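Just below is one structure, and these are the notes that go with it.
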Amino acid sequence: MRQTETISLGKMAVFLALHTGEAEAAMLKHGRECGYKLYKGKVGSMDSAKIFAAIETAAKREGLINDQYREEHALYHCILEAYHGICRGQTGLGNIMRSAGLLFSIVRGPRLPGDESDGDWVAVALYGSMGAPIKGYEHEVFGLGINPV
């Protein structure tokens, strides 16, 4: 990636969730230069409520959203869209004996750097593994959700 390359909000969330180490640090730096607020974390659970709570708590703690209903609601729908993607339409974990180990990214800002015409948007990307709660029985999963704030 060239440092002058403009990266959309969704693409930044995807890249940040997928990259680790030095590449992750470069993505964070580039994202901030593009004017985005960003955070990357990890969560693992058989309980979907814990995954939602971890992402929402991180977003609030890091100042990506505030306590206003519309901001919490936008984030919730981003998480739900991304979660729907990793569950392949069957939104459930523990109750159907699946567990997930995920990296997540949260990105807030304009859909394209420098274009403030339609306000802030928020994106959540989830990447990791899902499967039976037995080592070696998992597979990779990915989900992305984007909503206006």
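Just so it is clear, the structure is predicted and the values come from calculations on it, not from any experiment.
Considering only residues two or more places apart in sequence or on other chains, His77 meets the ring pair (Phe, Tyr, Trp, His ring centres under 6.0 Å) condition with His73. Taking Tyr127 as the reference, nothing meets the ring pair (Phe, Tyr, Trp, His ring centres under 6.0 Å) condition, with sequence neighbours excluded. Listed by chain and residue number, Arg111, Trp121 satisfy the side-chain hydrogen bond (donor to acceptor under 3.5 Å, both in side chains) test with Asp118 (two or more places apart in sequence, or in another chain). Checked against side-chain contact (heavy atoms from CB on, under 4.5 Å), Val141 has the following partners two or more places apart in sequence or in another chain: Ile86, Leu102, Met130, His139.
Gln68 CD: more than 12 foreign heavy atoms inside a 6.0 Å radius. The number of heavy-atom neighbours closer than 6.0 Å to CZ of Phe142, taken from other residues, nucleotides and ligands shown, is above 12.
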Extract all donor-acceptor atom pairs below 3.5 Å that involve side chains of residues 54-65 and protein atoms in other chains or at least two apart in sequence.
from  : atom 1 : to    : atom 2 : distance (Å)
Glu56 : OE2    : Lys60 : NZ     : 3.2
Thr57 : OG1    : Ala53 : O      : 2.7
Lys60 : NZ     : Glu72 : OE2    : 2.7
Arg61 : NH2    : Tyr39 : OH     : 3.1

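Ala123 approaches Ile146 most closely through the heavy-atom pair CB-CG1, 3.8 Å.
Classification of the Phe52-Tyr83 ring pair by plane angle, with boundaries at 30° and 60°, yields perpendicular.
Within the structure, the salt bridge (Lys or Arg N to Asp or Glu O under 4.0 Å) test picks out the following pairs touching residues 119-131 (sequence neighbours left out): Arg108-Asp120.
Here CD of Glu81 is found 5.0 Å from CG of Asn147. Values are rounded to the nearest 0.5 Å. Atom CG of residue Leu126 and atom SG of residue Cys78 lie 10.5 Å apart, to the nearest 0.5 angstrom. The distance from atom OG of Ser105 to atom NZ of Lys42, rounded to the nearest 0.5 Å, is 15.0 Å. Rounding to the nearest 0.5 angstrom, the gap separating the CG atom in Leu18 from the CD atom in Glu140 is 9.0 Å. The CG atom of Leu38 sits 9.0 Å away from atom CG of Leu9, with the distance rounded to the nearest 0.5 Å.
Of the possible donor and acceptor atoms, none in the side chain of His30 sits under 3.5 Å from a partner among the backbone N and O of Ala26. Distance alone, capped at 3.5 Å, is enough to place a donor-acceptor pair between the Lys40 side chain and the His19 backbone.
The closest side-chain donor-acceptor pair between Ser117 and Asp115 falls under 3.5 angstrom.
Put simply, Leu112 and Val14 are part of two different groups of oily side chains (I, L, V, M, F, W, Y) that touch within less than 4.5 Å, one to the next.
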